[in-house]
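Below: one structure, written as structure tokens.
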Amino acid sequence: MGAEGEKENIELEDGIRINDIGSSSNSVVKVPPGKPAKMPDQHESEKSGKQDDGNYTVPFYKLFTFADSTDISLMIVGTVGAVANGLALPLMTILFGDLIQSFGGASDTHDVVHRVSKVALEFVYLAIGSGVASFLQVACWMAAGERQAARIRNLYLKTILRQEIAFFDKETNTGEVVERMSGDTVLIQDAMGEKVGKFIQLTSTFIGGFVVAFFRGWLLTLVMLATIPPLVVAGGIMSTVVSKMASRGQAAYGEAAVVVEQTIGSIRTVASFTGEKHAVNKYNKSLNSAYSSGVQEGLAAGLGLGTVMLFFFCGYSLGIWYGAKLILDKGYTGADVINVIFAVLTGSFSLGQASPCMTAFAAGQAAAYKMFQTINRKTEIDAYDTRGKQPNDIQGDIEFRDVYFSYPARPDEQIFHGFSLHIESGMTVALVGESGSGKSTVISLIERFYDPQAGEVLIDGINIKEYQLRWLRGKIGLVSQEPVLFASSIRDNIAYGKDNATIEEIRAAAELANAAKFIDKMPQGIDTMVGEHGTHLSGGQKQRIAIARAILKNPRILLLDEATSALDAESEHIVQEALDRVKTNRTTVVVAHRLSTVRNADTIAVIHRGAIVEKGSHSELLKDPDGAYCQLIRLQEMNKESNNTSGPDQNKSDIGDSGRRSSKRLSFTRSISWGSTRGQSSHHSFQMALGVPIGIDIPANTTEQSNIPETEVPPQEQKVPLRRLAYLNKPELPVFLLGSIAAIVNGVIFPIFAILLSNVINAFYEPQHKLKKDSNFWSLMFLVFGVVSLLALPARSYFFAVAGSKLIRRIRLMTFEKVINMEIEWFDKTENSSGTIGARLSADAASVRSLVGDALALVVQNTASMVAGLLIAFLANWQLSLIILALIPLIGLNGYIQMKFIKGFSADAKMMYEEASQVANDAVGSIRTVASFSAEEKVIELYKEKCEGPLRTGIRQGIISGIGFGISFFLLFCVYATSFYVGARLVEDGKTTFGKVFRVFFALSMAAIGISQSSSIAPDSSKAQSATASVFGILDRKSKIDPSDDSGMSLETVKGNIEFRHVSFRYPTRPDVQIFQDLCLAIHAGKTVALVGESGCGKSTAISLLQRFYDPDLGQILLDGIEIQRFQLRWLRQQMGLVSQEPSLFNETIRANIAYGKEGQATEAEIIASAELANAHKFISGLQKGYDTFVGERGIQLSGGQKQRIAIARAIVKDPKILLLDEATSALDAESERVVQDALDRVMVDRTTIVIAHRLSTIKGADVIAVVKNGMIIEKGKHEQLINIKDGAYASLVALHSRASS
């Protein structure tokens, strides 16, 4: 029976230890990083949401709602296996009892061998049975869990994509969706996979244990039962406290994650305004609260565990004392007593071990609540509802009848009150008006992204709610201002327009859209990858692909939302031509700011504040000089000559510089036109969501597909010596020492336990008077041990938690500081987007901590157990010890092999899931595009495809773990059988005594537990090693252009003379595209220089180089005659104020955003003064909360013109000598543009100013205009001089513009 105890003990130990790991480290590792950041207007709902998560869970059986028949049969087999496996332990206690009886109760030594060998054989049978059962249990449950989790992911994505657009405005954002799909499904899978099997196994052990105990000795069992309630209560309290602490830590860390996302998402703004220190301080603050909750969690876990151990030892103590009485009075045998004690403890312990399973179930149920709620959500506008009319074709008559509408996210702002408009089929109607008047809203209503609150939208006289929505969207082609492309090939992007389109149709559509030419020039032609958001293409190219995609549908109704506003003159001309070709005999609705693009429409409708104030053709409207249309035209002409503008820079991209600009360009414009209407346009939400630095002037992620895995690979090869990690943790050395002492005490307790047990077994077979005395003494000893572990366990877990949490905090902070000082080029690589870096900071630091905190504690403790165990065993009997020792490695080897297998798997799965979540990310981010092209099913197919790999891997992993698990049980029981058989032989030869056999056996088992526990950390440590490698990978990388570097000179006063000398440059991510070749340009102090040229000529690159976002490949850039590389970088950037086309604002108050210009140090007076200069004070004071208004994620709560003025105020607050205006007004409508231009004119006084613009109207007044072409400056001079050069580049640009405008 001793062996029984043995195993018991193992279990117990395992349970405890594992539980221990579970409670501390896994909570760190598994819980998905805090909920994604919300926008302020969602704070309220969010708060209530937080509580909801706690209260609402799904009944457990509901988790299996999505199981199919295969899953059900897998689960049934798994359950059978689990029950059988659970019964192995109680059966073993019986064999153990028999064994003790055979040793102790044998009449003579010869008899012993015979009796023991019978029992040994029974052990072998048990070994085979439990091996098979445990294989079934693990393999079936893991496979079932993987399969169902994958199914839930797919369903979730499917329902999300079916929701109406309002859902995305109000209730969710991309980050949250991706988080749910990756994080929450892991929790759900945890709750429905092998944890269920383990739970069933433990329950059956529990029941089996008590059945055996009552059967062997009911009286003792009843007494022993008294120890169970305290055990259960202690376990329960501990797990609830720990999980509470864990969720507090998550919440605290969630805040830190928001800081990271925002900072890295707008890294160019941070760099330009030297906001690095500011961000680091903010991050540090949010880390402190996470630290303290981590420490409390450690302490709580330790206390709980200590209490459990105390009760455990008390149970033994009680059992031994009372068992001895029963042997004396009731004729029990020693074997019965031990059997009962072990059976009861086995049973009750298995109950205690169930608590990690319970926590997993609870977490899974809570996670499932939100997911299932979404999965079951009925969408208000369902594209897949098969009901609804589907006539053969539509004429394309559109009518708005008395429509009332406000965006669901802002119900108090009425966009339309009683709006009516009739558009006849085949006509082109243009909608014009200032920002925020509701132009784009018309388009959203026709696409039925939203339903009006009152009134109706009719197509062919039928309310569009009566049509089947998918069919209707198939008849409508949408080309929006900032086209959203998916990260796949050009062909796939065009094919979104129509299901199973043939290559001929795709080619024809590309021809029509004027895109065929440039596609054929691409290296892989139509199969060229466009990059995330289409960043590898220029704006004009993206726009033409979007047009081709819309044409492929052959729509009856064409909606053009500012389709050309973001292009420069040349691209605009091409795109406009494509549009004119396509418009023929289709009903077309055009939304535009630039009146030039709408002149030839059949009807022009002027919208003002949600109502149509005028309607007619261009010539009719001109007849009323006081009409709204004329005023709009006048407004634009006041901005210097009327549409000399062809608008922002889009094609800029046709050459390399473009990708970046374009995306940037686009997004601005967009944000204004929607932003002002303030429906968060898709594009808007796109940017927000992905956090790719889009709004900024540099290739937003132009990494070619090929070099993505660049940094992903190294962590596998490079090993980081633990020495370095330890070095990071050096300040906590004293804490570690205290923790280690506690851990050693803990480790020694169990081997000494072996001595106690073997002495007790001996005592039970002694004469009566001795039995009484000894049993009292030993039961007291057990109590003493209980108290010791109550003290040692919390000490160990507290000290290591302190050390671990400090390390986590230090690593996160160091990594963040390092990352934020990287050169901008580093962020251009896809693998360094804000999402990935956020994940690295949260997950990697946590894995490193599990290595240092929890794992280290266990290593110390287990080493102590091992040493003590071996010592005790060899002192008792060296022959038997050697024989058993020879067998133990078998168990270890098996564990090691299993580990190796599993390690190989998890890495691949992670990569594969990342690809899959990228698909979801893209789709949710550009939900309007997906909806408009009814591409939901395509996305889901793609997603399923990407999930296939990880699913297969997961199932394979299940089978392997199952095999490993089975073999280890088999080997364990076989080792027991052998060792007792050998022991019996030795007793027979008189080499040892019966008590010593048990002592050796127990001591070695304890040592073995120690070893196996250490190996259970190995999976964690392998994870932690790759995490450490990735952390040190960042820490060791030297930033090529480092803002935190304080070396370098600074000048007392800056005059502001700038000179570019023979500069050559190409973007590191697109080395084949030469941007500058030998560019020379001198800019005198206090003068305004305008750079013009077509898309992609490198105008914005000049600004990036000046701020040292990049360094030139050749040549130098001088400021006041000194090379800018020689200046201290932060000082240099403080001398420049940047206003870019799409300003990046932080999700804070307006005051904080303006103060950011001075690293947050600006006084109230300075803030107000700069706001007044920027023409912003008036509108800010008009807001409800004034300067304390939150601007929303990426400034989404403000209109474009408002954001722009805040950005100007932010630039002015630092009182820069050099002002950089990158297309600062191109994306505004006439009225906002005038206001912003005014502000700029005021600010430009006495500062060296570099202006980049497409619209020539904005730059006529510049002191020097420089025309950039092919990476060189080909003309420079004043407007008057340049315009008179015959066939000059400037003159032809102007001519292009006026041609575009006529």
Side-chain angles (χ1 to χ4, degrees), residues 263 265-276 278-279 648-649 657 660-661 664-665 667-668 693-700 820 823-824 827 1041 1043 1054 1056 1058 1060 1083 1088-1091 1098-1110 1117 1119 1124 1127 1129-1146 1153-1160 1162 1170 1173-1174 1176 1194-1195 1200 1203-1228 1236-1237 1239-1240 1242-1244 1247-1253 1258-1259:
T263 312
S266 29
I267 186 71
R268 289 185 169 76
T269 308
V270 173
S272 174
F273 287 94
T274 61
E276 292 91 0
H278 183 67
D649 197 358
D657 177 289
R660 87 256 212 67
R661 189 33 153 293
K664 153 178 172 195
R665 174 91 296 108
S667 41
F668 199 151
I694 266 195
I696 315 174
D697 221 274
I698 308 235
I820 205 175
E823 73 277 14
I824 303 291
F827 294 97
I1041 305 175
V1054 176
I1058 298 169
F1060 285 78
I1083 299 171
T1088 299
V1089 172
L1091 300 179
K1099 305 187 292 287
S1100 322
T1101 309
I1103 284 188
S1104 299
L1105 288 174
L1106 191 54
Q1107 297 200 47
R1108 281 198 72 201
F1109 286 164
Y1110 302 92
I1117 300 171
L1119 169 61
I1124 59 172
F1127 290 114
L1129 185 57
R1130 301 187 49 193
W1131 175 86
L1132 175 71
R1133 288 182 179 162
Q1134 277 155 1
Q1135 308 312 308
M1136 306 183 191
L1138 169 71
V1139 181
S1140 57
Q1141 171 185 13
E1142 167 148 318
S1144 251
L1145 300 184
F1146 295 95
N1153 267 299
I1154 296 179
Y1156 195 79
K1158 270 199 142 171
E1159 301 184 34
S1170 57
L1173 255 178
R1194 303 254 186 290
K1203 286 207 293 202
Q1204 204 53 320
R1205 281 174 282 166
I1206 287 177
I1208 293 174
R1210 174 173 69 185
I1212 297 171
V1213 108
K1214 61 194 218 185
D1215 191 25
K1217 284 307 293 172
I1218 299 168
L1219 200 55
L1220 309 174
L1221 306 178
D1222 185 0
E1223 291 277 358
T1225 61
S1226 66
L1228 305 181
V1236 172
Q1237 192 62 53
L1240 291 174
R1242 272 197 244 171
V1243 206
M1244 281 155 61
R1247 294 191 165 97
T1248 308
T1249 311
I1250 299 182
V1251 183
I1252 289 184
T1258 50
I1259 57 177

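Each residue takes its place number in the sequence, starting with 1.
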Mind running side chain to side chain contact (heavy atoms under 4.5 Å, CB included) on I1218 and I1083 for me, showing each step along the way?
-> CA-CA 11 Å; I1218 299 168; I1083 299 171; over 6 Å; no
Taken in chain and number order and not counting sequence neighbours, the residues that satisfy ring-ring contact (aromatic ring centres under 6.0 Å, His included) with F273 are none
Stepwise side chain to side chain contact (heavy atoms under 4.5 Å, CB included) test for T1248 and M1136 = CA-CA 9 Å; T1248 308; M1136 306 183 191; over 6 Å; no
Looking only at non-hydrogen atoms, find the nearest pair between Q1134 and T274 and report the distance.
-> NE2-OG1, 3.4 Å
Can you sort out the partners of A271 under side-chain contact (heavy atoms from CB on, under 4.5 Å), two or more places apart, ordered by chain and number?
-> E276, I824, F1109, R1133
Please report the closest heavy-atom contact between S1170 and I1154, naming both atoms and the distance.
-> OG-CG2, 3.7 Å
To the nearest 0.5 Å, tell me how far I1208 CD1 sits from L1221 CG.
-> 7.5 Å
Is the Y1156 ring parallel, tilted or perpendicular to the H278 ring (thresholds 30°, 60°)?
-> perpendicular
When you measure from the side chain of K1214 to the backbone N and O of Q1135, does any donor-acceptor pair fall under 3.5 Å?
-> no
What one should report as the nearest heavy-atom pair of L1106 and L1132 is O-CD2, 4.2 Å
Stepwise, does the side chain to side chain contact (heavy atoms under 4.5 Å, CB included) test hold for R1210 with L1145?
-> CA-CA 10 Å; R1210 174 173 69 185; L1145 300 184; 4.0 Å; yes
Heavy atoms of I820 and A279 approach each other most closely as CD1-CB, 3.5 Å
Can you measure from OG1 (T269) to CG (L1138) and round to the nearest 0.5 angstrom?
-> 7.5 Å
How far apart are the closest heavy atoms of A1211 and P1216, and which atoms are they?
-> O-CD, 3.3 Å
Could you walk me through whether V1139 and Q1204 pass the side chain to side chain contact (heavy atoms under 4.5 Å, CB included) test, one step at a time?
-> CA-CA 8 Å; V1139 181; Q1204 204 53 320; 4.1 Å; yes
Interatomic spacing from CG in D1215 to NZ in K1217 - rounded to 0.5 Å | 7.5 Å
Can you tell me how far OG of S272 sits from CD1 of I1103, rounded to the nearest 0.5 angstrom?
-> 9.5 Å
Taking all non-hydrogen atoms of both residues, which atom of L1091 and which atom of A1102 are closest, and how far apart?
-> CD1-CB, 3.9 Å
Apply ring-ring contact (aromatic ring centres under 6.0 Å, His included) to F1127 and list each qualifying residue two or more places apart in sequence or on a separate chain.
-> W1131
